[in-house]
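Whatever order the structure lists them in is the order used to number ligands and atoms, beginning at 1. When reading the values below, keep in mind they use all heavy atoms of this one structure, side chains included, and skip hydrogens, waters and symmetry mates.
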Amino acid sequence: MLLLDILEKKTDDGVYIIAEIGQNHQGRLEVAKKMILKAKEAGCHCVKFQKSNLPAKFTRSALARDYVSENAWGKTYGEHKEYLEFSKEQYQELQAYSQELNLDFTASAMDELSLDFLADLKVPFIKIGSGDANNFPLIKKASGLGLPLVISTGMQTLQTVDKIVSIMEDAGKSDYALMHCVSAYPTPPKDCNLRLISRLKQRFTNVVIGYSGHELGVAITQAAVLLGARIVERHFTLDKNQKGSDHRCSLEPLQLKSLIVAIESFKLQKLPLEAHEIIAMLGNGQELEEALRYTGEKEIFPCELPCRNKLGKSLVAARSLHKGQMLQLKDVAIKVSEPNGLTAETYFDIVGKQLTYSVSEDEPITGNMVQF
Ligand SMILES: CC(=O)N[C@H](C=O)[C@@H](O)[C@H](O)[C@H](O)COP(=O)(O)O
Ligand SMILES: C=C(OP(=O)(O)O)C(=O)O
């Protein structure tokens with residue numbers, strides 16, 4: 001598999017291309033199959049889905065909230081997400097179909113139960129999406145499965161990325177990649193911050209760096225490869241005008257194919273190029289200049305806040321907790337919560353701290369509830 005060859009540094013040739021089908025299948029198995037076929041025809045190496053166990057990923061109130069949106073597939077957010085989830089049998093069917101086409105098949109594991117589900121399915125690698133990049137217990141568990149990992153870093157600080165790398169080091173794991181990602185749909189060119197790819201490569205010299213892009217078009221992703229990204233992930237759609245939150249920033253089959261043809265024409269051994277060389281080569285003017293401008297250290301960008309508020313993970317009570325109690329790890333779960341609680345990266349910081357309020361099971365733990 002090309003991904004393993006890249007992760008094990010056995011080749012400096014080839015960029016591994018992931019078509020992120022995600023939830024662009026509209027909840028329909030036959031659409032998902034058609035997308036797999038089209039991704040193969042476009043020249044992708046892998047098709048990827050998103051796997052959630054809803055009560056494990058979301059709190060009850062996050063699932064019960066009204067989802068008033070033109071992209072909603074249900075009245076509540078829970079009904080919407082349920083509509084978009086495939087069953088185990090459907091996953092097996094999609095996996096078998098991808099295997100027939102000689103295409104890697106995987107999904108992002110959006111909670112610990114989904115991680116077990118994907119490991120049982122024997123996927124070739126596990127994707128950890130940006131929403132879980134600060135979910136350290138999930139990442140720790142993933143690092144112990146003996147499967148390669150591709151970890152996105154949208155909506156996170158450099159400190160969080162450092163922590164991911166230290167979890168990998170503690171697990172003795174080298175077959176993993178970090179993806180530069182900005183979680184805004186679509187990401188404006190000025191927020192793409194592509195130079196962070198070079199920054200990540202300098203800081204983590206032994207780690208393969210990739211790019212998971214949410215911008216419009218293909219030029220910025222080509223630039224990411226010219227900066228040295230060895231794995232590319234883009235959302236994929238049969239038609240950008242369909243209902244659904246991700247279609248607009250997705251690539252249609254012809255666009256995806258044009259991206260892959262362009263990447264295949266690059267002389268990878270001569271990379272990375274400097275920003276001015278990339279602009280001269282791709283000639284895409286202002287958008288590319290904006291995307292290649294260094295706008296500072298890796299941090300949570302303002303354009304990512306809507307996504308972080310909606311899908312970022314919080315600390316919640318794993319059981320009923322009482323005022324005065326000293327918190328232990330087993331008391332705390334990590335979920336998307338409505339409203340948000342303390343962000344997931346504070347998980348290990350709250351051990352041994354005293355609760356100043358009682359909290360019911362599945363309710364968020366907020367900063368004012370803990371004596372720091
Ligand atoms: C951060 C993250 O998980 N992002 C994913 C991957 O990029 C997205 O596909 C979301 O699942 C999608 O945008 C959610 O849309 P809605 O809320 O309409 O189901
Ligand atoms: C959220 C995901 O990806 P990214 O953070 O790379 O957009 C995902 O793969 O589910």
For ligand 1, note which part of Y67 has a heavy atom under 4.0 Å away: side chain, backbone, both or neither.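 Looking at Y67 and ligand 1, just side chain atoms fall under 4.0 Å.
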For ligand 1, the portion of D246 having any non-hydrogen atom under 4.0 Å away: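 Side chain only.
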Give a yes/no verdict on a cation-pi contact between [X] and [Y], requiring under 6.0 Å between NZ or CZ and the six-membered ring centre and an angle within 45° of the axis.
X    : Y    : result
K353 : F372 : no
R65  : Y77  : yes
K33  : Y97  : yes

Within the structure, is a non-hydrogen atom of M155 found at a distance of less than 4.0 Å from ligand 2?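 No.
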When you measure from the heavy atoms of H235 to every atom of ligand 2, does any distance fall below 4.0 Å?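 Distance cut 4.0 Å: H235 fails for ligand 2.
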Contact check: S183 vs ligand 2, nitrogen or oxygen atoms, below 3.5 angstrom: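 Among all N and O atoms of S183, none is under 3.5 Å from an N or O of ligand 2.
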Per-atom contacts, ligand 2 versus [X] - under 4.0 Å to a heavy atom:
X    : value
S108 : 8 (C), 9 (O), 10 (O)
S130 : 1 (C), 4 (P), 5 (O)
M110 : 10 (O)

Can you name the atoms of ligand 1, numbered from 1 with element, that are less than 4.0 Å from a heavy atom of [X]?
X    : answer
H80  : 16 (P), 18 (O), 19 (O)
H214 : 7 (O)
Y77  : 16 (P), 17 (O), 19 (O)
Y185 : 1 (C), 2 (C), 4 (N), 5 (C), 6 (C), 7 (O), 8 (C)
K81  : 11 (O), 14 (C), 16 (P), 19 (O)

is_close_aromatic(Y83, H80), centroid dist under 6.0 Å: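 Aromatic pair excluded; centres sit 6.0 Å or further apart.
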Kindly say whether the aromatic ring centers of Y91 and F117 come within a distance under 6.0 Å. yes
Listing request: all ring-ring contact (aromatic ring centres under 6.0 Å, His included) pairs with a residue in residues 154-192, at least two apart in sequence or in separate chains.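 For residues 154-192: H180-Y211, Y185-H214.
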When you compare the side chains of [X] and [Y], does any donor N or O come within less than 3.5 Å of an acceptor on the partner?
X    : Y    : value
Q159 : K298 : no
T366 : N368 : yes
Q26  : H247 : yes
R234 : S250 : no
Q50  : S114 : no

Can you figure out which of S245, G312, S130, S212 has its heavy atom closest to atom 18 (O) of ligand 1?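 Comparing heavy atoms across S245, G312, S130, S212, the nearest one to atom 18 (O) of ligand 1 lies in S245.
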Nearest non-hydrogen contact with atom 2 (C) of ligand 2 belongs to which option: G129, S212, C181, C307?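 Heavy atom nearest to atom 2 (C) of ligand 2 belongs to G129.
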Under 4.0 Å, counting heavy atoms only: does C307 come that close to any atom of ligand 1? yes
From the list K51, K141, K88, salt bridge (charged side-chain N to carboxylate O under 4.0 Å, His left out) with D116 holds only for K141
Students should be able to answer this: which protein heavy-atom is nearest to atom 3 (O) of ligand 1, and at what distance? M110 CE, 3.6 Å
Please list the nearest protein heavy atom to atom 14 (C) of ligand 1 with its residue and the distance rounded to 0.1 Å. Q23 NE2, 3.5 Å
Is Q50 in polar range of ligand 1, meaning some N or O pair under 3.5 Å apart? yes
Any residue meeting side chain to side chain contact (heavy atoms under 4.5 Å, CB included) with H45, in chain and number order, not counting sequence neighbours: L2, Y16, I17
Record the part of M179 in heavy-atom contact with ligand 2 below 4.0 Å; permitted values are side chain, backbone, both and neither.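 For M179, no heavy atom sits under 4.0 Å from ligand 2.
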Taking 4.0 Å as the limit for heavy-atom contacts, which would you say applies to S152 with ligand 2: side chain only, backbone only, both, or neither?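 Side chain only.
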